[in-house]
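Let me begin by presenting the structure, written as structure tokens, before commenting on it.
We name chains A, B, ... by the order of the sequence lines, and we start the count at 1 in each one.
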Amino acid sequence: MRFRRGDIRATIIDHFYRMKKLSDILEQRVSQAIRKTTGQDFPAIVRAAADPKFGDYQANGIMAAAKALRTNPRKLAEQVVAVLEIEDICQTPEIAGPGFINLRLKDEFLAARLLEINIDKERLGIEKIDTPQTVVVDYSGPNIAKQMHVGHLRSTIIGDCIARLYEFEGHRVIRQNHIGDWGTQFGMLIAYLKKQNPQVLQDPASVRIADLEQFYQDAKRLSDNDETFAATARAEVVKLHNHDQQTIGVWRHIVEESRRHYQPIYEQLSVTLKPEDERGESFYADKLADVVKQLREQGLAVESEGAVCIFPEGFFNKEGQPLPFIIQKSDGAFLYATTDLAALRFRIDQLHADKIIYVTDARQAQHFQMLFAVAKMAGWTQDRVELLHVMFGTMLGEDGKPFKTRTGGTVKLKELLEEAVDRARRVVDEKNPDLPQEQKQQIARAVGIGAVKYADYANNRNSDYVFSFDKMLAMEGNTAPYMQYAYARIKSIERKAAGKDVDIEGELANLAALSFAEPAEKELAKILVTYDQAIQAAAQECRPNYLTAYLYDLSQAFSRFYNACPVLQAQASQRPLRLLLCDLTARTIRHGLKNLLGIDVPEKM
RNA sequence: GCGCCUGUAGCUCAGUAGGAUAGAGCGUCGGUUUCCUAAACCGAAGGUCACAGGUUCGAAUCCUGUCAGGCGUACCA
């Protein structure tokens with residue numbers, strides 16, 4: 001964002017705080033005033049006001065400071081306000097209650113901020129972070145040779161949002177799709193494929209596995225019932241581990257076939273994972289022995305009941321005995337704990353991660369606690385690398401039990417998404433029957449898929465949540481369609497402008513002084529300038545619901561504004577501001593939904 | 001037994017280093033359309049924030065204990 005000399009905006013905006021978050025500026029100003037008054041540092045604790053009658057922001061830190069200094073809080077507040085330099089941003093601060101400082105934004109400041117955001121077409125005035133880190137995000141991790149089911153949804157989309165958030169903040173994000181592409185079940189699958197389709201050996205690419213689920217089940221049934229076949233399967237496992245060329249060829253084919261099944265689902269979900277982000281269990285297979293060797297040499301890993309174990313402090317089993325983190329079974333085989341250790345070491349040593357985020361369900365919490373403890377014991381993190389388990393609850397059906405089909409089977413992700421699109425399509429057909437077929441289908445996809453994703457994001461990820469098509473596809477409430485609708489209404493205004501002789505581009509290009517006439521305008525403006533805070537909070541806590549809550553607030557404020565303030569018919573003096581508010585709202589919703597949540601925003605709906 | 005997660009309006013859920021009178025949506029009741037998409041907007045009713053103590057100017061939020069549900073707890077992932 002650059003200002004030309006003489007530009008009115010440059011005179012309005014003080015370069016000192018340009019681009020910084022409003023909440024940070026206020027925090028800094030009030031903290032400075034407290035320091036000036038008391039000679040000591042106390043946090044100002046500036047927050048959005050609890051009630052509109054208290055203004056827009058309130059500083060809560062005075063009471064604590066007064067307490068520490070054993071002085072009267074209201075008196076301290078008066079002294080702080082006396083030296084508080086904030087007249088470029090706020091009206092005269094007020095002191096209220098036991099010692100709150102209430103701040104009310106000046107119209108000129110809000111207007112200047114809006115203009116500033118308007119100039120930045122890519123990032124809406126949001127700066128990249130000062131100190132970028134290398135952040136590894138481990139998410140999705142589907143099993144090869146099985147269809148993706150609802151159990152994979154949350155990790156896949158929550159992880160994707162976190163990756164997008166960190167990337168937008170300016171960090172170097174490395175996505176890692178830790179696919180389950182190795183293990184004993186592959187012996188069975190390879191043996192089965194060789195048996196059913198011998199031509200796979202000559203030309204692996206010629207064989208298609210139409211239904212992965214069926215393929216897996218058939219192979220398993222044969223393995224369970226046919227001892228000869230089971231022996232062949234075991235032999236294939238050995239061949240696989242020895243990198244037998246023929247067996248590896250068939251294995252690779254199975255992996256590629258699986259990818260052809262799940263990659264389209266990623267695309268349908270607008271999940272940013274690419275094949276090159278895959279680094280599955282097979283990648284670490286030849287590094288496992290070394291992990292065990294190193295941990296043994298360090299004296300951390302010891303044999304117990306025939307298995308190689310590490311006993312991190314503070315973990316106990318049912319008998320109250322130390323709980324082992326088993327890295328090699330008594331039969332010599334390695335486990336997922338071993339693979340996770342190898343992956344963790346790789347991410348630190350080879351990917352140079354500063355932070356590693358694992359997005360998996362809450363049931364694995366203890367596993368990751370132990371994994372992180374072991375990594376620390378082994379000295380891998382060097383008190384430098386941050387390890388984070390971002391956990392989430394289970395998806396439940398409307399009966400409150402884990403989400404299953406009527407017959408009790410797992411719900412396939414593909415079918416779930418198809419149903420969401422079908423349901424959305426029915427609504428589009430009803431509400432907007434005259435649109436072309438193709439556009440209706442495109443809207444149905446955006447609304448249906450968006451609804452499923454958004455419903456997941458909007459929930460506090462720690463809780464289990466009840467999956468309901470009816471709720472997520474509703475136009476009322478905190479749903480994707482509600483926000484998409486707000487966006488579509490703005491786009492509709494833009495389309496109608498020409499017919500009413502309104503030159504939007506011209507009016508937006510010549511914006512200068514703006515003044516707020518209606519409360520709804522200012523309310524919307526106040527929310528628009530806090531988008532940066534919402535993003536920061538969501539990224540910092542890895543909680544997409546902070547972002548969805550913001551987008552919902554914004555959309556609600558827009559709907560009120562839309563209802564109260566005509567745009568195209570507005571007086572010439574008022575129209576530029578309203579056009580600007582519409583444009584910024586549309587761009588913010590679009591950025592939040594599409595760029596950060598991966599949810600499409602149709603122009604019409 | 002131990003550990004983790006959860007417990008907020010009839011239902012589904014928010015509540016972002018402890019802040020003023022705890023918020024939405026659904027459902028219920030009532031209102032708004034010569035006007036840019038009513039898939040919308042406005043209003044009303046509805047709460048012992050599971051319970052009991054504690055910490056302090058102030059607790060849904062922090063601490064301790066209790067109760068309830070879910071999950072995990074030695075060779076699955």
For A/N462, answer base if it contacts any base atom (sugar-phosphate contacts may also be present), sugar-phosphate if it contacts only those atoms, and nothing otherwise; contact means non-hydrogen atoms under 4.0 Å.
-> sugar-phosphate
Min side-chain heavy-atom separation A/F100-A/N60 under 4.5 Å | yes
OP1 or OP2 of B/rU37 sitting under 4.0 Å from any side-chain N/O of A/K496?
-> yes
Ring centroids of A/Y562 and B/rA40 base under 5.5 Å with planes under 30° | no
Distance check: side-chain N/O of A/N102 vs OP1/OP2 of B/rA20, anything under 4.0 Å?
-> no
Heavy atoms of A/P322 and A/N317 approach each other most closely as O-ND2, 4.5 Å
Would you please confirm or rule out a distance under 4.0 Å between OP1 or OP2 of B/rC42 and any side-chain N or O of A/R560?
-> yes
base_contact_polar (B/rA24 base, A/D553 side chain, donor-acceptor, <3.5 Å) = no
Now, which nucleotide makes the Watson-Crick or G-U wobble pair with B/rG1, with each of the two distances under 3.5 Å?
-> B/rU73
Separation of atom CD in A/E603 from atom P in B/rC36, rounded to whole Å | 20 Å
Taking atom C1' in both B/rU56 and B/rU61, compute the distance separating them and give it to the nearest angstrom.
-> 14 Å
Given salt bridge (Lys or Arg N to Asp or Glu O under 4.0 Å), test A/R560 with A/E523 step by step and report yes or no.
-> CA-CA 9 Å; A/R560 286 187 206 110; A/E523 290 309 309; over 6 Å; no
Can A/Y482 be classed as stacking with the base of B/rA39, given a centroid separation cut-off of 5.5 Å and a plane angle cut-off of 30°?
-> no
Are A/H152 and A/Y262 close enough that their ring centers fall under 6.0 Å?
-> no
Could you please name the option among B/rG70, B/rC4, B/rU73 that lies closest to any side-chain atom of A/M391?
-> B/rC4
Base B/rA74 paired with A/S304 side chain (donor-acceptor, <3.5 Å) | yes
What does A/N143 touch in the nucleic acid at a heavy-atom separation under 4.0 angstrom: a base, only the sugar-phosphate, or nothing?
-> nothing
Among B/rA39, B/rG19, B/rA20, the nucleotide that comes nearest once only the side chain of A/K431 is considered | B/rA39
